[in-house]
Amino acid sequence: MIKVVHTIKEVREQVKAWRTEGLSVGLVPTMGFLHEGHKSLIDSSVKDNDRTVVSVFVNPMQFGPSEDLANYPRDLDADAELCASAGADLIFNPEPEEMYADGFCSFVDMIGPTAELCGKSRPIHFRGVCTVVSKLFNIVQPDRAYFGQKDAQQLAVIKRMVTDLNIPVEIIGCPIIREADGLAKSSRNTYLNEEERKAALILSKTIFMGQELVKNGLTDAAELISRMKENIETEPLAKIDYVDVVNFDDVSRKDTIGDNTLVAMAVYVGKARLLDNFIIEKK
Ligand code: AMP
């Protein structure tokens, strides 16, 4: 059985005890309802660090008023099982009141890398993410923290935040884990009914198509975007939020596809807003 704690004080005591023994600590921040994608982050942390903390917190601050906070799936028992089997050492599962006490009024905000992609349709999202992740970094004080490339803009934003604010943690990005048929694993996939689950394949199919076009020499971002959008539009249940091409470091728009380019999409299928992307590291 893995230890599950709900208070900041308990996390601090545990991490302090590990530090006294000279042990290194990895942190995997999550919103729970864990799957193989989360497990790959935990696996990396367990490999790199003596101890691994997994935070399970559905952070109200990163949800807009009309988003899915109330319906977000939760299953702490299953999460604890997955964490234990992956070799994690501690789950931090605070209530919102523990993280945001009465009178809470300090935020970490970012301009620039939060302006494009998800920042456009979710204007308060990254303020919530930056605030909660910096709190988690201050609470756990890990040596390393693990984030998935599935949320590529989030990964870029967190890297920028620790650089700008001199937070002494190494950020490790981990590749996208997919279902056997290609769909990127996500806790939000549970929102999909059978028909929508089939329709959702249009995301990964379009990602693979885009990768192929780039591999075959396409460098014009506008053309890639329009070819990918056309492909998504062949699926009647899919509604595009965005398909865009940006620089992976600063998430600024790019006209030409080259090194370090992020090609990202958000697409609604039914109630679920799904993300997928690919990165061209070296052309
Ligand atoms: P979430 O619980 O959705 O907030 O995700 C927690 C962390 O797991 C984030 O860093 C995500 O990018 C990462 N993650 C979620 N799904 C995947 C996936 N399919 N592959 C890799 N990482 C993932």
Side-chain angles (χ1 to χ4, degrees), residues 35-41 113-122 125 147-157 173-283:
H35 50 67
E36 293 286 317
H38 299 107
K39 185 175 173 296
S40 74
L41 272 53
T114 61
E116 300 290 339
L117 310 183
C118 292
K120 280 194 172 153
S121 42
R122 306 187 75 189
H125 176 67
F147 293 86
Q149 189 207 301
K150 217 265 285 166
D151 301 273
Q153 186 177 17
Q154 170 174 276
L155 175 57
V157 163
C174 302
I176 301 177
I177 303 297
R178 298 178 179 280
E179 303 286 355
D181 62 5
L183 179 68
K185 293 205 182 227
S186 165
S187 309
R188 288 189 167 100
N189 290 348
T190 56
Y191 297 152
L192 302 168
N193 66 28
E194 206 178 316
E195 199 191 358
E196 291 164 348
R197 172 66 182 77
K198 281 190 202 136
L201 276 186
I202 197 66
L203 279 92
S204 52
K205 280 188 183 154
T206 306
I207 287 293
F208 301 148
M209 183 196 94
Q211 268 174 322
E212 207 51 36
L213 288 169
V214 172
K215 209 172 101 191
N216 292 334
L218 180 62
T219 55
D220 183 59
E223 165 141 21
L224 179 67
I225 292 168
S226 90
R227 302 269 298 262
M228 289 175 70
K229 281 186 170 169
E230 261 169 40
N231 199 56
I232 297 168
E233 281 159 2
T234 62
E235 171 50 65
L237 293 182
K239 195 175 138 269
I240 298 172
D241 178 1
Y242 66 77
V243 178
D244 235 325
V245 174
V246 298
N247 183 313
F248 183 40
D249 287 327
D250 62 6
V251 198
S252 61
R253 282 293 234 323
K254 266 185 110 156
D255 294 334
T256 308
I257 296 155
D259 289 354
N260 216 25
T261 303
L262 166 65
V263 181
M265 61 168 70
V267 176
Y268 288 94
V269 180
K271 287 195 308 294
R273 182 175 174 280
L274 304 176
L275 304 181
D276 208 337
N277 67 72
F278 66 99
I279 293 170
I280 300 113
E281 276 160 25
K282 272 242 177 304
K283 240 186 100 55

_Working for side chain to side chain donor-acceptor pair (under 3.5 Å), residues Ser204 and Asp276_ = CA-CA 7 Å; Ser204 52; Asp276 208 337; 5.0 Å; no
*Count the heavy atoms belonging to other residues, nucleotides or ligands that lie under 6.0 Å from NZ of Lys198, then report whether that count exceeds 12.*
no
*Atom NZ of Lys150 and atom CG of Leu41: how far apart are they, to the nearest 0.5 Å?*
11.5 Å
*To the nearest 0.5 angstrom, please state how far the CZ atom of Arg253 sits from the CG atom of Leu117.*
8.0 Å
*Can you see which heavy atom on Ile257 is nearest to which on Leu218, and at what distance?*
CD1-O, 4.0 Å
_Test applied, side-chain hydrogen bond (donor to acceptor under 3.5 Å, both in side chains); reference residue, Lys254; option that passes from Asp244, Thr261, Asn247_ = Thr261
*Considering all heavy atoms of both residues, which atom of Ile176 and which atom of Ala184 are nearest to each other, and what is their separation?*
CG2-CB, 3.9 Å
*asked:* One thing to verify: whether Arg227 and Asp220 come together as a salt bridge, which I'm taking to mean a side-chain N less than 4.0 angstrom from a carboxylate O.
replied: no
*Side-chain heavy atoms of Arg188 within contact of Arg273, under 4.5 Å*: no
*Any side-chain heavy-atom pair from Ile207 and Arg178 closer than 4.5 angstrom?*
yes
*Going through the distances and angles, do Val269 and Leu203 end up as a side chain to side chain contact (heavy atoms under 4.5 Å, CB included)?*
CA-CA 10 Å; Val269 180; Leu203 279 92; 4.2 Å; yes
_Leu237 side chain near Ile202 side chain, heavy-atom distance below 4.5 Å_ = no
_Heavy atoms of other groups near Glu233 CD, more than 12 under 6.0 Å_ = yes
*Could you tell me the separation between the CE atom of Met228 and the CG atom of Leu213, rounded to the nearest 0.5 Å?*
8.5 Å
*Would you indicate whether the side-chain heavy atoms of Gln154 and Cys118 approach each other to under 4.5 Å?*
no
*Looking only at atom types and distance, does a side-chain atom of Glu116 sit under 3.5 Å from a main-chain N or O of Gln153, one as donor and one as acceptor?*
no
*Check: Asn277 and Gln149 side chains under 4.5 Å, non-hydrogen atoms*: yes
*Nearest non-hydrogen partners of Ala221 and Thr256, listed with the distance*: CB-N, 4.3 Å
*asked:* What I'd like to find out is whether the side chain of Asn189 reaches to under 4.5 Å of the side chain of Leu274, using heavy atoms alone.
replied: yes
*Atom NZ of Lys185 and atom NZ of Lys39: how far apart are they, to the nearest 0.5 Å?*
10.5 Å
*asked:* Show the nearest heavy-atom pair for residues Ala272 and Leu192, with the distance to one decimal.
replied: CB-CD2, 3.9 Å
*Look up atom CD1 in Ile225 and atom OH in Tyr242, then write down how far apart they are to the nearest 0.5 Å.*
12.0 Å
_side chain to side chain contact (heavy atoms under 4.5 Å, CB included), that's the test. Do Asp241 and Lys120 meet it? Break it down for me._
CA-CA 10 Å; Asp241 178 1; Lys120 280 194 172 153; over 6 Å; no
*Short side-chain to backbone donor-acceptor contact, Glu196 and Asn193, under 3.5 Å*: yes
*Give, for atom CG of Asp255 and atom CD of Glu223, the distance between the pair rounded to the nearest 0.5 Å.*
13.5 Å
